[in-house]
Trainee: 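Structure incoming, see below.
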Amino acid sequence: MTKVIADYIAELEQNLVDLPEKDREDVVEFYREFLLDGDFVRRSTIEAELGTPKQLAINILADYSTKDDSFSTCQNRNS
């Protein structure tokens, strides 16, 4: 793994501390594999594709929150 990818992933992980550990590990692994498979070598290229680590984390947390809310809503309907 290049330093550029390692640094991006480290920053992403720091911005995802609010996710449960297992979910955070899954997300980080997904994006690590994505970046490695895409052969990204420049930070600017990564950010053009995914945004900054903070922007990506905000999107991930928003998606997670929406998914979690949908699950809670379904559970409440079934009660």
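Side-chain atoms are counted along with the backbone in the values below, which use heavy atoms only and exclude waters and symmetry mates. Position 1 is the first residue of the sequence; numbering continues from there.
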Trainee: Where does the angle between the aromatic ring planes of F34 and Y31 fall among parallel (under 30°), tilted (30 to 60°) and perpendicular (over 60°)?
Mentor: perpendicular

Trainee: So if you build clusters from Ile, Leu, Val, Met, Phe, Trp, Tyr with side-chain heavy-atom gaps below 4.5 Å, do L61 and I58 land together?
Mentor: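 L61 and I58: separate clusters.
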
Trainee: Looking at residues at least two apart in the chain, or sitting in another chain, which of them share a side-chain contact (heavy atoms from CB on, under 4.5 Å) with Q14?
Mentor: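 With neighbours one apart ignored, the set is empty.
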
Trainee: Which atoms form the tightest heavy-atom contact between Y8 and G51, and what is the distance?
Mentor: OH-O, 2.6 Å

Trainee: Look up atom CZ in F30 and atom CD1 in I60, then write down how far apart they are to the nearest 0.5 Å.
Mentor: 9.0 Å

Trainee: Of the non-hydrogen atoms in N15 and A57, which two are nearest, and what is the gap between them?
Mentor: CB-CB, 3.4 Å

Trainee: Would a hydrophobic clustering, with Ile, Leu, Val, Met, Phe, Trp and Tyr connected at side-chain separations under 4.5 Å, put V17 with L19?
Mentor: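 As far as the 4.5 Å side-chain criterion goes, L19 and V17 are not connected within one cluster.
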
Trainee: What pair of heavy atoms forms the shortest contact from R32 to I9, and how long is it?
Mentor: NH2-CG2, 3.5 Å

Trainee: Rounded to the nearest 0.5 Å, what's the gap from CD on E33 to CD on E29? Could you check?
Mentor: 4.5 Å

Trainee: Which of these passes side chain to side chain donor-acceptor pair (under 3.5 Å) with Y64: N59, D23, D18?
Mentor: D23

Trainee: Taking 4.0 angstrom as the limit, do R24 and E21 come out as a salt bridge?
Mentor: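 E21 and R24: not salt-bridged.
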
Trainee: Nearest 0.5 Å, please: how far is CD in E25 from CD in E13?
Mentor: 8.0 Å

Trainee: Give, for atom OG1 of T2 and atom CD1 of I46, the distance between the pair rounded to the nearest 0.5 Å.
Mentor: 6.5 Å

Trainee: List in chain and number order the residues that pass side-chain contact (heavy atoms from CB on, under 4.5 Å) with V41, two or more places apart in sequence or in another chain; answer none if no residue qualifies.
Mentor: none

Trainee: Is there a side chain to side chain contact (heavy atoms under 4.5 Å, CB included) between L36 and M1 once you walk through the steps?
Mentor: CA-CA 7 Å; L36 289 171; M1 179 174 0; 4.1 Å; yes

